[in-house]
Amino acid sequence: MAGDVQMDYPKDTDVLESFQSFQTATHSYKFSLIQPCLRSLAVSSKTSIRVNEAGFLSLQFMIPLNEKDITFIEYTISPLAAEDGADDDDDI
């Protein structure tokens with residue numbers, strides 16, 4: 001599986017709390033490494049997505065345990081190197 005993702009949000013949306021970027025960046029990741037994150041995403045009340053200068057993707061999920069307790073789950077995913085996965089169908 002391969003593809004590109006682009007999301008556009010209006011400035012007055014409640015979905016996006018903050019966004020900061022100083023330049024356009026493009027990175028590729030193995031979908032098989034992102035797929036386990038989807039379960040946490042489904043039960044999270046907030047999600048933080050960060051990408052550093054080297055392309056490492058950090059996904060942090062805030063998950064309510066009950067009415068007053070929460071927990072956090074964090075995934076850090078390494079980007080594919082330029083020559084990695086050239087023939088791999090598992091990239092996004």
Side-chain angles (χ1 to χ4, degrees):
M1 177 182 297
D4 295 324
V5 175
Q6 178 177 330
M7 293 179 255
D8 297 316
Y9 293 101
K11 290 184 179 185
D12 61 348
T13 184
D14 290 336
V15 174
L16 190 60
E17 192 171 292
S18 68
F19 177 81
Q20 184 178 17
S21 177
F22 300 107
Q23 62 188 12
T24 300
T26 302
H27 304 286
S28 297
Y29 306 92
K30 283 200 167 288
F31 182 70
S32 61
L33 298 177
I34 294 176
Q35 196 168 14
C37 303
L38 299 179
R39 192 168 179 187
S40 298
L41 177 62
V43 296
S44 68
S45 58
K46 281 192 174 184
T47 300
S48 171
I49 302 171
R50 296 179 306 276
V51 179
N52 71 9
E53 302 83 21
F56 282 84
L57 175 64
S58 172
L59 300 162
Q60 186 180 57
F61 303 99
M62 184 171 79
I63 299 173
L65 297 175
N66 53 45
E67 288 186 23
K68 59 182 181 174
D69 297 318
I70 60 170
T71 191
F72 290 89
I73 296 176
E74 184 166 0
Y75 296 88
T76 302
I77 302 169
S78 175
L80 293 173
E83 65 279 354
D84 285 354
D87 299 317
D88 197 343
D89 290 338
D90 193 31
D91 305 346
I92 63 167

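From a predicted model like this one, the values you see are computed outputs, not experimental measurements.
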Check your understanding: More than 12 non-hydrogen atoms from neighbouring residues, nucleotides or ligands closer than 6.0 Å to CZ on R50, yes or no?
Key -> yes

Study note, to complete from the structure: Partner of L57 under side-chain contact (heavy atoms from CB on, under 4.5 Å), picked from I34, L33, N52, is I34

Check your understanding: Is there side-chain contact between I63 and F72, with heavy atoms separated by less than 4.5 Å?
Key -> no

Check your understanding: Between Y75 and S40, is a side chain to side chain donor-acceptor pair (under 3.5 Å) present by the stated rule, with each step listed?
Key -> CA-CA 10 Å; Y75 296 88; S40 298; 3.2 Å; yes

Point to revise | Minimum-distance pair of heavy atoms, taken over all atoms of P79 and H27 | key: CB-CB, 4.4 Å

Review point. Are I70 and V43 linked, directly or through other ILVMFWY residues, by side chains that come within less than 4.5 angstrom of each other?
Key: no

Practice item. Would you indicate whether the side-chain heavy atoms of L41 and F61 approach each other to under 4.5 Å? Key: yes

Point to revise | Test log, rule side chain to side chain contact (heavy atoms under 4.5 Å, CB included), inputs S44 and M62 | key: CA-CA 5 Å; S44 68; M62 184 171 79; 5.8 Å; no

Study note, to complete from the structure: Between P64 and S45 the two heavy atoms that sit nearest each other are CD-OG, 3.9 Å

Exercise for review: Indicate whether the side chain of Q60 and that of T47 have a donor and an acceptor atom separated by less than 3.5 Å.
Suggested key: no

Check your understanding: In a check of side-chain contact (heavy atoms from CB on, under 4.5 Å) between E74 and each of C37, S58, S48, which one passes?
Key -> S58

